[in-house]
Colleague: 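One structure is given below, represented as structure tokens, and several questions about it will come after.
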Amino acid sequence: MQPLSVYVHIPFCTVKCGYCDFNTYSGMDNLKEAYGAALVAEVHANASLLSGRSIASIGFGGGTPSEVAADHVAGVVAAIREHAPLEPAAEVTLEANPGTLDRPQLEALRAAGVTRLSIGAQSFHADELRFLDRIHSPQATAASVEFARKAGFESIGLDLIYGLPGQALNAWIESLVIAIRLGPDHISIYALTVEDGTPLARRVRKGEVTPLDPDAVADLYEAATDRLAAAGYLQYELSNWARPGHHSRHNMIYWTDGEYLAIGAGAHGYLGGERYENVAHPRAYIAAVEERAPAPRPASESAYRPGAVMAMADWVSLRLRLLEGFDQREFDARFSVPLRKVGGAVLEDCISAGVLELVPRVRLTRAGRLLHGEVSARFLAHLQNTLAPTG
Ligand code: SF4
């Protein structure tokens, strides 16, 4: 059987940032002990799904996984290993925020088996960090990188956000230059988006904040593409650059149709062609695990099996996030139908428009990287029009 990955969600943050719509909560310190125990119980309840598999990667995401004690992380990793061996090159990756990290904790996380750290730097300007409601300073990020190096992590990544209201090109470049100077193995950049229901969306609606013009956001992305390449980082995904050998093996699972088990409140999983989601609120999650374990997937709240149209559209959309694109024969084998037959017209249109190329793999051109959403939407609409109602 193919190796399996595991996603573990930690839904706690010191402060909920005004732009964030992730499943995360502040002010719930009193739940952390019970939550850690529920994670371990959920892993054991999933013994039948883990057994006979090896583990390619474990990803702790959130929320802020570095908000919980390293003991809880160690407990989850150990519980997974009781049922399935880690592959020799397995990656255990954890998202961490400066301001929640100190040296003893980083050493404890490393000892717990975490190999890779993804640090939420977001910006190296104090005013931008304040706008984003982040609790840390630029100096705290630099200290976190230094401590992480000393603790012996194999890969250290920095995440940055661009496209803040009023953000000037030189301010963005300064953040990038400082990030590069810290020497991380991996850099991710994400455009700030205004998500419905967030405090940021309310501020935009009231006219207190004006989002940056999309053309200006695109200019920032282009500038980052040039800077990161010049600094020796290889872009392998729309938002991700790495030094050779340091790409995120865990995230590659999501982009290449790999299977992953969901552990934790609101975690998403993908097993046997079915996508499922755990109950979102940490209190409800703990109660569900206590009530239903040892039945497998004790916290699973909803599940669905994508129809042919959605499965094909998702597959193409995710593969096109990768700079290497995909071989059409992979699609043909996965869906037992030639891509040319179901999507040839869209492919040709996108190639004529200069957003896709065949080299011989199908991939976005540099201009097309800014239009990934549009290309994916066109592909989906075409399949819906030509293949429905099979999807
Ligand atoms: S630290 Fe991250 S997950 Fe937590 S509220 Fe802020 S953006 Fe959301």
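Keep in mind it's a predicted model, so treat the numbers as computed, not measured.
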Colleague: So which atom in Ala223 and which in Leu169 form the shortest heavy-atom distance, rounded to 0.1 Å?
Modeller: CB-CD1, 3.6 Å

Colleague: Answer yes or no: is there an ion pair linking Glu107 with Lys150, defined by an N-O contact shorter than 4.0 Å?
Modeller: no

Colleague: List the atom of Gly99, the atom of Ala140, and the distance in Å for their closest heavy-atom pair.
Modeller: N-CB, 4.5 Å

Colleague: Show the nearest heavy-atom pair for residues Pro11 and Ala265, with the distance to one decimal.
Modeller: CG-CB, 4.2 Å

Colleague: How far apart are the C-alpha atoms of Glu33 and His72, what are their side-chain angles, what is the distance that settles it, and do they pass the side-chain contact (heavy atoms from CB on, under 4.5 Å) test?
Modeller: CA-CA 8 Å; Glu33 277 303 314; His72 289 155; 3.7 Å; yes

Colleague: If you take the centroid of each ring, where Trp contributes its six-membered ring, are His9 and His268 closer together than 6.0 Å?
Modeller: no

Colleague: Between Glu330 and Arg361, does any side-chain N to carboxylate O distance fall below 4.0 Å?
Modeller: yes

Colleague: When you compare the side chain of Thr141 with that of Phe124, does any pair of heavy atoms fall below 4.5 Å?
Modeller: yes

Colleague: Go through the side-chain N and O atoms of Glu128 and Ser123 and say whether any donor and acceptor fall under 3.5 Å apart.
Modeller: yes

Colleague: Under a 4.0 Å threshold between the charged nitrogen and the carboxylate oxygen, would Asp185 count as salt-bridged to Arg149?
Modeller: yes

Colleague: Indicate the atoms forming the closest heavy-atom contact of Ala70 with Ala108, along with that distance.
Modeller: CB-CB, 3.5 Å

Colleague: Quick one: do Asp349 and Arg378 make a salt bridge, cutoff under 4.0 Å?
Modeller: yes

Colleague: Would you name the heavy atoms of Ala284 and Val279 that are closest together and state the gap between them?
Modeller: CB-CG2, 3.7 Å

Colleague: Could you tell me which residues satisfy ring-ring contact (aromatic ring centres under 6.0 Å, His included) with His281, sequence neighbours excluded, listed by chain and number?
Modeller: Tyr25

Colleague: Go through the side-chain N and O atoms of Thr100 and Ser66 and say whether any donor and acceptor fall under 3.5 Å apart.
Modeller: yes

Colleague: Hey, what do you get for OG (Ser300) to CG (Leu271), rounding to the nearest 0.5 Å?
Modeller: 10.0 Å

Colleague: With a 4.5 Å heavy-atom cut-off, do Asn97 and Ile119 have their side chains touching?
Modeller: no

Colleague: Does Glu259 form a salt bridge (charged side-chain N to carboxylate O under 4.0 Å, His left out) with Arg53? I'd like the steps, not just the answer.
Modeller: CA-CA 11 Å; Glu259 290 194 315; Arg53 308 288 292 258; 2.8 Å; yes

Colleague: Just checking, any donor-acceptor pair under 3.5 angstrom between side chains of Asn240 and Ser188?
Modeller: yes

Colleague: Is there a side-chain contact between Pro282 and Leu31, using heavy atoms and a 4.5 Å cut-off?
Modeller: yes

Colleague: Would you say Leu132 and Cys17 make side-chain contact, with heavy atoms under 4.5 Å?
Modeller: no

Colleague: With a 4.5 Å heavy-atom cut-off, do Arg321 and Leu364 have their side chains touching?
Modeller: no

Colleague: Going by side-chain contact (heavy atoms from CB on, under 4.5 Å), Phe326 matches just one of Leu339, Leu318, Thr256. Which one?
Modeller: Leu339

Colleague: Quick check: closest heavy atoms across Ala179 and Leu160, and the distance to 0.1 Å?
Modeller: CB-CD1, 4.0 Å

Colleague: Should the heavy atoms of other residues, nucleotides or ligands under 6.0 Å from CG of Asp196 be counted, would the total exceed 12?
Modeller: no

Colleague: Ring pair (Phe, Tyr, Trp, His ring centres under 6.0 Å) for Tyr162 and Tyr190? Distances and angles first, verdict last.
Modeller: CA-CA 6 Å; Tyr162 66 100; Tyr190 300 104; 8.6 Å; no

Colleague: Salt bridge or not for Arg203 and Asp133, using N-O below 4.0 Å?
Modeller: no

Colleague: Is it true that Arg292 and Glu42 have a side-chain N and a carboxylate O under 4.0 angstrom from each other?
Modeller: no

Colleague: May I ask you to test the Val177-Glu174 pair for a side-chain heavy-atom distance under 4.5 Å?
Modeller: no

Colleague: Go through the steps for Val8 and Leu39 under the test side-chain contact (heavy atoms from CB on, under 4.5 Å), then give the verdict.
Modeller: CA-CA 8 Å; Val8 185; Leu39 292 177; 4.1 Å; yes

Colleague: Could you go step by step and tell me if Glu208 and Arg202 meet the salt bridge (charged side-chain N to carboxylate O under 4.0 Å, His left out) rule?
Modeller: CA-CA 9 Å; Glu208 294 170 10; Arg202 285 193 283 283; over 6 Å; no

Colleague: Any non-hydrogen side-chain atom of Val355 less than 4.5 Å from a side-chain atom of Leu370?
Modeller: no

Colleague: Distance alone, cut at 3.5 Å: any donor-acceptor contact between the side chains of Thr93 and Arg116?
Modeller: yes

Colleague: Quick one: do Lys32 and Glu67 make a salt bridge, cutoff under 4.0 Å?
Modeller: yes

Colleague: Using 30° and 60° as the class limits, which term best fits the ring planes of Phe335 and Phe331: parallel, tilted or perpendicular?
Modeller: tilted

Colleague: State yes or no: do Leu101 and Ile135 share one hydrophobic cluster built from I, L, V, M, F, W and Y residues joined by side-chain heavy-atom distances below 4.5 Å, directly or via other members?
Modeller: no

Colleague: His186 versus Ile156: any side-chain heavy-atom pair under 4.5 Å?
Modeller: no

Colleague: Less than 4.0 angstrom from a charged side-chain N to a carboxylate O is my criterion; do Glu87 and Arg249 meet it?
Modeller: no

Colleague: Start with the C-alpha distance between Glu237 and Arg369, add both sets of side-chain angles, then the distance that settles salt bridge (charged side-chain N to carboxylate O under 4.0 Å, His left out), and finish with yes or no.
Modeller: CA-CA 9 Å; Glu237 197 267 350; Arg369 288 176 213 162; over 6 Å; no

Colleague: Can you list the residues that meet the ring-ring contact (aromatic ring centres under 6.0 Å, His included) rule with His247, with sequence neighbours excluded?
Modeller: Tyr236

Colleague: Which class fits the ring pair Tyr285 and Tyr35: parallel under 30°, tilted 30 to 60°, perpendicular over 60°?
Modeller: tilted

Colleague: Is Glu324 paired with Arg363 through a side-chain N to carboxylate O contact shorter than 4.0 Å?
Modeller: no

Colleague: Check side chain to side chain donor-acceptor pair (under 3.5 Å) between Asn30 and all other residues, then give those that pass, not counting sequence neighbours.
Modeller: none

Colleague: Could you give me the CA-CA distance, side-chain angles and deciding distance for Leu164 and Leu212, then say whether side-chain contact (heavy atoms from CB on, under 4.5 Å) is met?
Modeller: CA-CA 6 Å; Leu164 277 64; Leu212 197 61; over 6 Å; no

Colleague: Does the pair Ile173 and Arg227 meet the rule for a side-chain contact (heavy atoms from CB on, under 4.5 Å), with working shown?
Modeller: CA-CA 8 Å; Ile173 295 292; Arg227 277 288 164 153; 3.7 Å; yes

Colleague: Can we say Arg297 and Glu277 salt-bridge, meaning some charged N sits less than 4.0 Å from an Asp/Glu carboxylate O?
Modeller: no

Colleague: Has Glu91 got a side-chain atom pairing as donor or acceptor with His250's backbone, closer than 3.5 angstrom?
Modeller: yes

